[in-house]
Structure formats: structure tokens, C-alpha cells
Amino acid sequence: LRSFPAAKLTLAPCDNCSVDFFAAIVDEDHQSWEGYLGSYASVEGGGQVYGTNVNCPHETIGTFDVGLFLKDEDIRSMENGGLDTGSNTWALSVRDSKDFGQFNVTGEVIKQWGRTRVVQNSLAPGNELHSRSAWGGQASLRYNFDCENLAPYVSARYAYFQGDRRST
């Protein structure tokens with residue numbers, strides 16, 4: 001496990017809504033394994049992670065969240081044998097969670113986009129930057145048992161991760 005410098009600011013403009021802003025700095029000795037499956041290459045470098053999330057609990061629709069996140073890698077090719085992932089990734093997440101008695105239903109849809117030099121899970125010196133674009137999401141159903149001192153539950157989940165185009 002790793003830790004890194006980060007800051008978070010939470011604002012509550014109204015009674016039933018809050019907005020989080022956060023930023024983190026990833027250490028320069030972080031290993032990126034994005035290109036490992038195709039080229040067996042890991043690269044060292046840091047970067048930044050930024051994001052914001054709006055959280056609005058509501059009686060009718062449940063707890064609704066919208067988040068926007070950016071991962072910006074800072075890889076120096078001269079320190080990695082000419083390898084640089086060039087990976088910068090944005091993600092937009094829309095999530096809702098609603099209780100119906102002892103049942104809880106949760107769903108999330110995520111759009112991801114950005115750019116990378118990793119092509120078909122492989123990284124080589126001089127790879128051109130390619131755009132990336134993908135969708136993902138999940139839906140889950142949970143049943144909470146009624147127990148006085150414990151909180152047992154049973155859940156089922158479906159997750160879908162499209163992945164990027166085969167060319168990238």
C-alpha cells in the first residue's frame with residue numbers, strides 16, 4: 001500500500017447537497033504497469049490525480065453522485081529507456097443508490113477518455129499518442145438481513161467494462 005500527499009475540500013451549499021474537490025500528487029517512483037501485458041514493460045514516474053464529486057441525497061431518487069476525475073501521468077522517457085506512456089485519463093461517473101426497505105439498489109455509469117502511447121497493451125519508444133474512449137458501469141442489488149447486533153447481507157452485482165478500441 002502507498003500513501004501520497006493529497007488535499008480535499010468539501011463544500012455544502014445547501015442542506016442536502018455537498019461538493020468535494022480533491023488533488024493528489026503521485027510519487028516519482030510510482031510504477032505504471034499499463035503497457036506490461038504486451039511489452040512486459042513497466043515505467044517509473046509520478047503524476048497528479050484531480051477530481052470533484054457532487055453528492056445529493058434525496059428521498060425520492062436516493063443518493064445521487066456525479067464525479068469528474070483526471071489522472072495525469074508524469075513519466076520521463078529519459079529515465080525509462082525511452083518509454084513514456086503519455087497517459088492522461090478523464091472519467092465522468094454518474095451513480096445512484098436507493099433503499100427500498102431491506103433492499104438496496106445501486107447503479108453507476110462511467111465514461112472514460114484521454115490519450116496514451118500504450119497500443120494493444122504494449123509500449124515502445126516513439127509510439128504516437130492515441131485517443132482513448134470507453135464506457136463502463138455496474139448495477140447491484142443487496143438484501144440486508146434484520147439482525148440486532150450484526151449487519152449481514154447478500155448481494156448480487158453485474159459489472160461491464162467495455163475497454164478501449166483494440167487498436168489502443
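Nothing fancy with the numbering, it's 1 onward along the sequence. Hydrogens, waters and symmetry mates are skipped; everything else that's a heavy atom, side chains included, is used.
- Between W90 and W113, the ring planes lie parallel to each other; the angle is under 30°, not in the 30° to 60° tilted range.
- For the pair T10 and K8, the tightest heavy-atom approach, listed with the atom from each and the gap, is OG1-CE, 3.3 Å.
- Of the possible donor and acceptor atoms, one in the side chain of T52 sits under 3.5 Å from a partner among the backbone N and O of D20.
- Hydrophobic cluster membership is shared by L70 and L92, with clusters built from Ile, Leu, Val, Met, Phe, Trp and Tyr side chains linked at under 4.5 angstrom.
- Using modelled atom types, no side-chain atom of Q102 and backbone atom of Y143 make a donor-acceptor pair closer than 3.5 Å.
- Both F100 and V154 sit in one connected hydrophobic cluster of ILVMFWY residues. Membership requires side-chain heavy atoms under 4.5 Å apart, directly or through other members.
- Between the side chain of K98 and the main chain of E59, a donor-acceptor pair closer than 3.5 Å is present.
- Under the 4.5 Å side-chain contact rule for hydrophobic residues, Y153 and F103 do not share a cluster.
- The line from CG of D96 to CG of D65 is 8.5 Å long, rounded to the nearest 0.5 Å.
- Linking ILVMFWY residues whenever their side-chain heavy atoms come closer than 4.5 Å, directly or via other members, leaves Y50 and F21 in distinct clusters.
- A heavy-atom distance below 4.5 Å is found between the side chains of V109 and W135.
- With rounding to the nearest 0.5 angstrom, the CD1 atom of I110 is 12.0 Å from the CD atom of Q162.
- When each of C17, S18, P13 is checked for a side-chain contact (heavy atoms from CB on, under 4.5 Å) with V54, only C17 meets the rule.
- Residues T89 and Q112 bring no donor and acceptor atom of their side chains to less than 3.5 Å of each other.
- Put simply, CD on Q138 and CZ on R95 are 7.0 Å apart, with the number rounded to the nearest 0.5 Å.
- In this structure the side chain of V19 never reaches within 4.5 angstrom of the side chain of L9, judged on heavy atoms.
- To the nearest 0.5 Å, atom OG1 of residue T106 and atom CZ of residue R142 are 7.5 Å apart.
- Once rounded to the nearest 0.5 Å, the distance linking OG of S155 with CG of N104 reads 9.5 Å.
- The CG atom of L141 sits 13.5 Å away from the CZ atom of R157 when rounded to the nearest 0.5 Å.
- Under the 4.5 Å side-chain heavy-atom criterion for Ile, Leu, Val, Met, Phe, Trp and Tyr, L11 and F69 are members of distinct hydrophobic clusters.
- For the pair S87 and R132, the tightest heavy-atom approach, listed with the atom from each and the gap, is OG-NH2, 4.0 Å.
- Of all heavy-atom pairs spanning E73 and K71, the tightest one is OE2-NZ, 3.2 Å.
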